[in-house]
Protein chains: 2
Amino acid sequence: MVTGRNETRDRILQAASELAWETGPGNLSLDAVAAKAGVSKGGLLYHFPSKSRLLEATVETFVQEYDQTLKAREADRPPGSHAVAHAYLDLFVEQHVCKRPPSSGILAALAEDPSFLNPVRRYERELLDRIKADLGDPELAMILYCAISGLKSSDLLSLDVAKPDEIKSLIERLRALISQR
Amino acid sequence: MVTGRNETRDRILQAASELAWETGPGNLSLDAVAAKAGVSKGGLLYHFPSKSRLLEATVETFVQEYDQTLKAREADRPPGSHAVAHAYLDLFVEQHVCKRPPSSGILAALAEDPSFLNPVRRYERELLDRIKADLGDPELAMILYCAISGLKSSDLLSLDVAKPDEIKSLIERLRALISQR
DNA sequence: ATAGCTGTACCGTCTGGACGGTATTGTCAA
DNA sequence: TTGACAATACCGTCCAGACGGTACAGCTAT
């Protein structure tokens with residue numbers, strides 16, 4: 001199958017993400033990825049015939065996994081009560097604690113070629129529309145989406161600008177704004 | 001002096017920023033920068049003795065220029081009426097229209113080594129504090145800072161997720177929230 | 001027999017950076 | 001005034017190493 005879930009393949013993708021974080025997004029080499037994944041270079045190239053394909057797959061699986069988790073959190077929420085918006089906040093809080101951002105692999109893709117981010121572009125647009133539909137108030141949706149997006153990019157770039165308690169009270173205020181509707 | 005403004009030096013820095021945008025942040029080579037700046041490679045290395053120093057300088061001058069412009073916009077506003085917050089919005093709107101984000105050079109620095117973003121980290125933290133002090137309401141400051149930060153990162157990564165009119169009405173709503181205080 | 005690798009050898013290209021040279025301008029002692 | 005020297009700002013070349021990718025022979029579990 002095209003998007004086959006495969007043991008070794010997944011290990012390679014994870015190794016690529018971790019290495020992108022450790023060595024800097026632009027210094028990702030196939031040799032290093034293969035070594036970290038515990039696979040030979042030939043083995044790596046068996047799964048991903050070129051570096052571009054590896055980076056493409058990194059972005060795609062990241063988006064897919066994010067969406068899958070988001071929909072799971074959405075299902076945890078009682079339906080009809082702005083489940084999408086709350087799930088979006090839930091997922092941010094959940095992923096915020098990690099040392100290495102799960103999205104670090106996409107920086108490597110960006111470094112190689114910005115157009116590799118096209119799937120992210122499409123997905124984020126779709127996500128914003130879902131939040132808008134969920135909330136009813138398009139401007140509130142924008143505030144919520146953009147604010148979280150800002151926090152996520154701060155994590156992505158490891159800027160660490162906002163302190164934990166600042167983030168906590170921001171999230172609470174955003175939740176209040178949602179309920180208020 | 002240490003941070004000397006110099007004709008050729010500035011041309012090199014600008015060339016680096018533009019090339020980072022054109023060729024992808026990770027594909028920035030000294031040869032290409034030199035060629036674009038109309039200088040020989042030797043000449044480039046005279047001004048910046050290593051690639052790291054060039055990227056460092058790119059980040060530093062970006063932060064300096066941003067701060068300079070922000071303070072200029074702040075001075076345009078009547079003092080005492082949340083000048084910092086409004087200037088922050090003004091500057092975003094102003095820079096949003098450009099095709100190439102002025103910050104594109106910092107992606108090249110990030111690609112090489114994430115720690116090159118340390119000056120940005122420090123500056124952004126300081127900026128958030130200034131907005132907090134300016135607004136009085138810390139949570140509102142966070143909403144404003146994070147929302148704009150999200151829009152800026154979307155520009156930086158060329159994600160183009162929000163449409164112009166969405167951005168426009170978001171800005172207006174943020175301005176209303178400021179005045180409301 | 002085939003899928004899924006391992007391991008090695010290799011090639012062409014690109015790139016950072018070292019290095020030696022050059023032109024111009026300024027300084028300063030004799 | 002002039003000659004020696006030095007600092008600045010650059011040019012052009014060269015090289016070692018890294019990297020992406022190819023090729024191919026072999027192993028092994030299913």
Side-chain angles (χ1 to χ4, degrees), chain A residues 1-20 22-59 105 107-116, chain B residues 1-59 61 105 107-116:
Chain A
M1 41 183 152
V2 181
T3 44
R5 275 297 103 79
N6 177 295
E7 171 57 34
T8 309
R9 192 187 141 97
D10 287 351
R11 246 177 33 238
I12 293 172
L13 287 173
Q14 197 192 327
S17 270
E18 284 172 19
L19 265 178
E22 289 165 21
T23 68
N27 303 324
L28 193 68
S29 76
L30 295 186
D31 286 287
V33 172
K36 178 130 197 163
V39 85
S40 70
K41 193 177 176 180
L44 190 160
L45 287 165
Y46 173 78
H47 288 284
F48 305 98
S50 75
K51 192 181 186 182
S52 296
R53 303 291 275 271
L54 170 63
L55 295 172
E56 253 176 59
T58 301
V59 174
L107 283 184
L110 169 67
E112 188 83 358
D113 183 348
S115 73
F116 283 149
Chain B
M1 40 183 152
V2 181
T3 44
R5 276 296 103 82
N6 177 296
E7 170 57 35
T8 311
R9 194 187 140 95
D10 287 350
R11 247 179 29 239
I12 294 172
L13 287 172
Q14 197 193 327
S17 270
E18 285 173 18
L19 266 178
W21 173 248
E22 290 165 20
T23 68
N27 304 323
L28 193 69
S29 76
L30 295 185
D31 285 288
V33 172
K36 179 131 195 163
V39 86
S40 73
K41 194 173 176 180
L44 190 160
L45 286 165
Y46 170 78
H47 288 282
F48 305 96
S50 73
K51 192 180 186 183
S52 296
R53 303 291 276 271
L54 170 63
L55 295 172
E56 254 175 56
T58 301
V59 173
T61 52
L107 283 183
L110 169 66
E112 188 82 359
D113 182 349
S115 74
F116 283 150

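Convention: sequence-line order gives letters A, B, ...; per-chain numbering from 1. As a basis for the values below, the full set of heavy atoms in this structure was taken, side chains included, without hydrogen atoms, waters or symmetry mates. Because the structure is a prediction, the values reported are computed rather than measured.
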So which one's nearest nucleotide on DNA chain C is more toward 5', B:G42 or B:K51? B:K51

Closest heavy-atom pair and its distance - A:A109, A:V59: CB-CG2, 3.5 Å

Could you walk me through whether A:S29 and A:D31 pass side-chain hydrogen bond (donor to acceptor under 3.5 Å, both in side chains), step by step? CA-CA 5 Å; A:S29 76; A:D31 286 287; 5.0 Å; no

Tell me: CG of A:L45 to C1' of C:dT6, nearest whole Å? 13 Å

d(CG, B:L44; C1', C:dA18) in whole Å: 14 Å

Residue pair B:L110, A:L110: steps toward the side-chain contact (heavy atoms from CB on, under 4.5 Å) verdict: CA-CA 11 Å; B:L110 169 66; A:L110 169 67; 5.5 Å; no

Separation of B:Y46 atom OH from C:dA23 atom C1', in whole Å? 13 Å

If you look at every strand shown and take non-hydrogen atoms under 4.0 Å, does A:L28 touch a base, only sugar-phosphate, or nothing? sugar-phosphate

Hey, where on DNA chain D does chain A first and last touch, going 5' to 3'? Cut-off is any atom under 4.0 Å from a heavy atom. D:dC19 to D:dT22

Of all the heavy-atom pairs spanning A:L30 and A:L44, show the shortest one and how long it is. O-CD1, 3.6 Å

Using heavy atoms to find the nearest nucleotide of DNA chain D for A:N27 and A:P49 separately, return the residue whose nucleotide is more 5′. A:N27

With respect to the phosphate group of C:dG16, does any side-chain polar atom (N or O) of B:S50 fall under 4.0 Å of OP1 or OP2? no

A:K41 (side chain) and C:dG7 (base): donor-acceptor pair under 3.5 Å: no

Does B:L54 reach a base, just sugar-phosphate, or nothing at all? Heavy atoms under 4.0 Å. nothing

Please examine the side chains of B:F116 and B:S52, heavy atoms only from C-beta on, and report whether any two atoms are closer than 4.5 Å. yes

Option from B:L13, B:V39, B:L28 for which side-chain contact (heavy atoms from CB on, under 4.5 Å) with B:V33 holds: B:L28

Whole-Å distance between C:dT6 C1' and A:H47 NE2? 12 Å

